[in-house]
Amino acid sequence: MCRILRYPCNVILVNSRYILRGYLAGGASARIGDEMSGPALLLLGLAVTGSATSGSALLAGVTISAVIGGPLLGVLLDRSDRPGRVLAFALAGYAAGLAAILVSLGRLPTPAVVGIALLTGLLGPALAGGWTSQLPRVAPAAGLSRATAHDAMTFSLASLVGPAAAGLVAWAAGAAMAVAVSVALIALALPAAWTLPDAHASPAWRPSGPRRSVTRHLVSGLRAIMHGRPLFRATATSTISYVGIGMFVVSCPLLAEPVFGDARHGALLLAAVAGAALAANALLARRPGTAGPPDRILWLSAVILAVAFSVALAAIASVHAGSGVTGYAAPLLITAAVVAGAADGPQLAALIAIRHREAPDHLRSQIFTTGASFKITGFAVGSALAGPLSTWSLGGALASAAGVEIAAALAYAACRAERPRREGQPVGDSGHRRWIA
């Protein structure tokens, strides 16, 4: 329960359960703030410039640059003896970037503000993969599975609370206040990040020999993902699956309009997805291991998502058949959202567990932030494809999303199985010995 952490000037005894609670509270606060910032920026762009295009450009700028920032931030975390300090500076920079967008929009040309959003987005992976990569340093080894499920719950909680909070604050006090609240929530996580244990405090920490250059470190991290079959399989499966999830998320308002009579009810569908994901991960946290090994959960979740999107397709078919709200369409669509959430939540928990199991300690942060960047890219691709597909045919977009999830399951099957590595088992990487945390 307790762990001795060595700091430069003294030795202190820290209760690991207390640190884990602080870690989870900080992660939840930062992630809720991040989930608030997306819709808040959309509303802010519309309120200040009168054009929805400005808001979407700001949101795209904040998200798209994560592809570059993720691997670089991971290298910085891996190479630091005090990764918590690096994480705290990254969170502070992200919050400051959002504040700069808030202050400069309407005062500077819109392209300049989008440039600020691009720079801010470089630090975005700190709130996802960067934070999660530090979990083994605050959770006891025997309780890592339960802690992983709790960590995944913070993502679902943020997805449930963040957009709703942004809408409520914007309605009550304006879009600018919604952005300000999101900045404050991210800033609240700074103490939890700053007090994370040092790198040498981890029982799995081992000296990795002479320090390599940043370029070689980047190459080693990418090689670990590409050459380690469990990691590559998990990364490929989750990235492809998030293409389908992105398509479904964009389709939700379009689904709600013919079924419930108002496109704004699409937010309720997304809330149902997030609520089901939160409940599923809460069950996994209470009874870890009941759903089987994380590898099985990963591919099974893609199959269940395909089923959920097919149920949503059946709801649209019911509307076209004349059933509408009084028939089967509404129950089918709600069922689809709940089933999708029940699959999406455990998929995230399984992905985190696989990365913790397979990632070498000296590359852990880079693997997490790089993997998060791939998932963000997959979601962005799905969101971009959903627009023209749903314009052509909403049913066609849902069928495509279901097909993408089947492709994710097939991608998992296409990667030949490899026995998961045990804790402490050494493996080779570019001629260097590494150790699995």
Side-chain angles (χ1 to χ4, degrees), residues 63 66-67 70 125 128-129 132 148-149 151-153 155-156 159 225-226 228-252 269-270 272-274 276-278 280-281 284 291-313 336-355 358 367-386 389-390 397-415 417:
T63 55
V67 177
T132 297
T148 296
D151 190 34
M153 287 173 62
F155 287 94
S156 302
S159 298
I225 294 175
M226 299 301 294
R229 287 201 191 102
L231 274 176
F232 177 77
R233 185 170 60 183
T235 302
T237 303
S238 61
T239 300
I240 296 172
S241 178
Y242 258 65
V243 175
I245 292 174
M247 297 174 73
F248 178 73
V249 168
V250 172
S251 299
C252 277
L269 289 177
L270 295 177
V273 172
L278 182 62
N281 281 334
L284 288 179
D295 305 83
R296 181 191 303 168
I297 295 174
L298 191 65
W299 72 263
L300 186 59
S301 64
V303 175
I304 296 175
L305 283 167
V307 172
F309 300 159
S310 299
V311 172
L313 177 59
V338 171
V339 172
D344 180 45
Q347 182 189 87
L348 177 60
L351 179 63
I352 293 173
I354 292 170
R355 286 177 181 159
E358 298 294 330
I367 286 172
F368 268 87
T369 55
T370 301
S373 300
F374 285 148
K375 283 183 63 177
I376 292 172
T377 302
F379 188 89
V381 169
S383 301
L385 291 174
L389 278 175
S390 57
L398 292 171
S400 299
V404 168
E405 296 300 334
I406 295 298
L410 292 176
Y412 179 95
C415 298

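The first residue in the sequence is number 1, and the count goes up from there.
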Quiz item: Is there a side-chain contact between F248 and V273, using heavy atoms and a 4.5 Å cut-off?
Solution: yes
Exercise. Indicate the atoms forming the closest heavy-atom contact of P346 with L284, along with that distance.
Key: CB-CD1, 3.8 Å
Quiz item: Out of L348, V243, T235, which one pairs with K375 under the side chain to side chain contact (heavy atoms under 4.5 Å, CB included) rule?
Solution: L348
Quiz item: How far apart are the closest heavy atoms of P294 and A350, and which atoms are they?
Solution: O-CB, 3.4 Å
Quiz item: What distance do L389 atom CG and L398 atom CG have between them, rounded to the nearest 0.5 Å?
Solution: 10.0 Å
Quiz prompt | Least distance between heavy atoms, S251 atom then A397 atom | solution = OG-CB, 4.2 Å
Quiz item: Does the Y412 side chain pair with the main chain of D295, one donor and one acceptor, at a distance under 3.5 Å?
Solution: yes
Quiz item: Rounded to the nearest 0.5 Å, how far apart are CD1 of I245 and CZ of F309?
Solution: 6.0 Å
Quiz item: How long is the span from the CD1 atom in I352 to the OG1 atom in T148, to the nearest 0.5 Å?
Solution: 6.5 Å
Practice problem: Report yes if the side chains of E358 and I367 come closer than 4.5 Å at any heavy-atom pair, otherwise no. | Solution: no
Quiz item: Backbone N or O of G345 within a donor-acceptor pair of the N281 side chain at under 3.5 Å?
Solution: yes
Practice problem: Can you measure from CG (L305) to OG (S310) and round to the nearest 0.5 angstrom? | Solution: 10.5 Å
Quiz item: If you look at every heavy atom in A399 and L313, which pair is closest and at what distance?
Solution: CB-CD2, 4.2 Å
Quiz item: How about V339 and V311: do any of their side-chain heavy atoms sit closer than 4.5 Å?
Solution: no
Practice problem: Could you tell me which non-hydrogen atom of A234 sits nearest to which non-hydrogen atom of I354, and how far apart they are? | Solution: CB-CG2, 3.9 Å
Practice problem: Taking the side chain as every heavy atom from C-beta outward, state whether L298 and Q347 have any atom pair closer than 4.5 Å. | Solution: yes
Practice problem: Taking all non-hydrogen atoms of both residues into account, name the closest pair between A128 and A372 and its distance. | Solution: CB-CB, 4.5 Å
Quiz item: Okay, side chain of S241, backbone of T237: is any donor-acceptor separation there less than 3.5 Å?
Solution: no
Quiz item: Considering only heavy atoms from C-beta outward, does the side chain of L351 approach that of R355 to under 4.5 Å?
Solution: yes
Quiz item: What class does the angle between the rings of F379 and Y242 fall in, given that below 30° is parallel, 30 to 60° is tilted and above 60° is perpendicular?
Solution: tilted
